[in-house]
Amino acid sequence: MTVTSTARIGAVRDRSGGTALPVLAGAGALALRRTRASRGGEARVTVVGAMSAPLGGDRLRIDVDVAAGARLTVDSAAATVSLPDHEGRPAFYDVRLTVGEGAELRWLPEPVIAAGGSDLRMTTRVRLAAGARLVLREELVLGRHGEAPGHLTTRLTVDHDGRTLLDQALAFGPGAAPGWDGPAVLGGHRTLGQLLLVPPPDLPADLDLPPLSSLTPLAAGPALLLTSTAPRPAFTSTAAALAR
Amino acid sequence: MHRDHPEVFPERYAHSSAAVGPDGRRRALRIGLGGPVGSGKTATVAALCRSLRDRLAIGVVTNDIYTREDAEFLLRNAVLPPERIVGVETGACPHTAIRDDISANLEAVEDLEEAVGPLDLVLVESGGDNLTATFSKGLVDAQIFVIDVAGGDDIPRKGGPGVTTADLLVVNKTDLAPHVGADLDRMARDAAAQRGALPVVFTSVARGDGIAPVAAWIGERLAAWTA
Amino acid sequence: MTTTAEAAQAAGSGAGALSALLLLSDGRFPAGGHAHSGGAEAAVADGRIRDAAGLADFCRGRLHTTGLVAAALAAATTAGLDPLVLDDAADARTPSLALRTVSRRLGRQLMRAARATWPGADLDALAAARPRGAHQPVVLGVTARAAGLRPLDAAHAAAYESAAGPATAAVRLLSLDPFHAAAVLARLAPQIDTTARAAAEAAGRALTHGPTALPAASAPLLDIGAEHHAAWPVRLFAS
């Protein structure tokens, strides 16, 4: 059975300088829980449970709108595992993030894992107003432990103040363009971690960039992108240091 | 605006090396220095800078096989302020960068002039190469070919485009001639036979005032250039 | 009628177009490419390319990612989209600062060669708007237009160069047998053609849907390798 679900999160700044969540609507496979925030003035939402099963044929969508001045963190309770569909149909997962002036969104989901035989098409569209702040982490893992990779494509588009900061498509696994696991694209690596920071933070003095990683400013606005094919622990600790 | 390149520079890069720029200003005289590995090109550039820097505004572009070694030699020896010395990568083909595809060197020369203001003289040093490497006329106004006596006193006889056509041939390290058994008279005869009326200087550029004849030759070229 | 003229006519380009495409794609065209390895120097240094097989794999990956993007940007420019809009699109598709710098430097070098070879108002306008250099594929697209070529031709030139650049560099870096490197390119030829066609089709869609219709395929190891390479104190190639 095909599942189509759109979850929605709307965050606004409340009168006391905190963040309220007038919209918090899970849908189908995407259940949302308000969880305890660790930063002042912030709300936190955790995507739980059923998200870890986009089956072939599923269409998942999550829309997040952080209004001017609000601060929101969204994380997830578990990795998103893309599983095969017995009819071989692809699954779709679309993320739409809108962040208003002076607002902040920390989008920190657990990894997306493309299980063997699966086929997931992800799109992430981010619209940032001038003065919006974003921390966006995306981790892609090809195959569960010891398993052949599934097919995974992503397109990440980030607009900032009307200009496109980043437009990036990735395609890995069987069915991706030839050479995806070759020395120009992913080599033999099976994970890719990215962290996008708008605006760029002050770099920690003790920042230790893992091997197989780069940290680079983007062209069209104040932004820094960490890209890493290093093993996950190295990426996550560097990402945590940068996103502090 | 582009954050990577916020500066605004005048439009250019239309032509190879027009003597007068769009602003009506005469650009710097460009002199190429070529020659085999170890013959003393970088030493010649260093000595020229020391000899001329009080009188002339000089910039240097190096084309070392390995990006920046010559540039760093010049920097270490403090012959010019660092912003006046730039290195060009040549993709392991130094002769290509000075002759067949001069675009990176032209960029470097023009960037130098823009970055540090009007210059009188730009020295373009090739990476150490063989006897066939010469500079394109689109890149330099005149070229010096540097060989040395230790490289064999038969080099002038062998000829090749560098020895035969360079505007000035410098035979360097003449002080070593007795030690390596080089016959300077023979070299002079062979060079004259290959080059006709084109000038040849026998000297040791790193010794005393050994650079003086080369500096004097550049002085003449510069006088003709600005006349 | 000569074969060349027939081919040019079949291609829908003007007189001399086929030869113009050959000239533009020739590694000897003086536009700075010889000093760039397309990421091969970094890949050789950390052992990602060791032999002709590794080179083939590298070229294949580059062709289908940044090669496709470059080809589409070039084709879209030749098709008449605003070069400055496409220059921004290239920025967005090039997260590595090192690669953006290289692309603009090569764009400026190509601009110099193009204005001497096929002078025209479009080239002059782009040179004036981006004095530090527009992205190379955009300059390539305007150059192709000035040379009387079609979007598909521009895509072909870009796609071919995306594989030929590393192949030429690998011959120097690994002392690879040049016949093997040429054979790598010959075997890739069908994929180069497919990529060029896909790029030209995307450029056609971009005419109505804007630059978001252009591919944005990314190669993480090319980005990472380029950033590392740019920080080396000693290197043979500029990129």
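Throughout, a chain's letter reflects where its sequence line sits, starting with A, and its residues are numbered from 1.
- When side chains are defined from C-beta on, D88(C) does not count as touching T164(A), because their heavy atoms never get closer than 4.5 Å.
- Side-chain contact between T216(A) and D223(C): absent, with no pair of heavy atoms (C-beta onward) separated by less than 4.5 Å.
- Looking at V185(A) and L222(C), their side chains never come closer than 4.5 Å, going by heavy atoms from C-beta outward.
- In this structure, the side chains of L166(A) and P95(C) come closer than 4.5 Å at one or more pairs of heavy atoms.
- Counting only residues at least two apart or on different chains, no side-chain hydrogen bond (donor to acceptor under 3.5 Å, both in side chains) pair has a member in residues 194-206 of chain C.
- Distance check, rounded to the nearest 0.5 Å: CG of D91(C) to CG of D167(A) gives 12.0 Å.
- Contact annotation for residues 129-138 of chain A against chain C (heavy-atom separation below 4.5 Å): no residues qualify.
- In F172(A), the CZ atom is crowded: over 12 heavy atoms of neighbouring residues, nucleotides or ligands sit closer than 6.0 Å.
- P220(C) places a side-chain heavy atom less than 4.5 Å from the side chain of L170(A).
- Residue contact with chain A, scored on non-hydrogen atoms closer than 4.5 Å, is absent for L63(C).
- Among residues at least two apart or in separate chains, salt bridge (charged side-chain N to carboxylate O under 4.0 Å, His left out) pairs with a member in residues 45-56 of chain C are D46(C)-R48(C).
- Sorted by first and then second residue, the salt bridge (charged side-chain N to carboxylate O under 4.0 Å, His left out) pairs involving residues 196-219 of chain A (not counting sequence neighbours) form an empty list.
- Distance check, rounded to the nearest 0.5 Å: CG of L225(A) to CD of E227(C) gives 9.5 Å.
- Taking CG of L221(C) as the reference point, atom CG of L212(A) lies at 7.0 Å (rounded to 0.5 Å).
- Of the two parts of L215(A), only the backbone, made up of N, CA, C and O, holds a non-hydrogen atom closer than 4.5 Å to a non-hydrogen atom of chain C.
- Between L97(C) atom CG and L224(A) atom CG the span is 10.5 Å, to the nearest 0.5 Å.
- Considering only heavy-atom pairs separated by less than 4.5 Å from chain C, the leading option among G182(A), S213(A), G188(A), A176(A) is S213(A).
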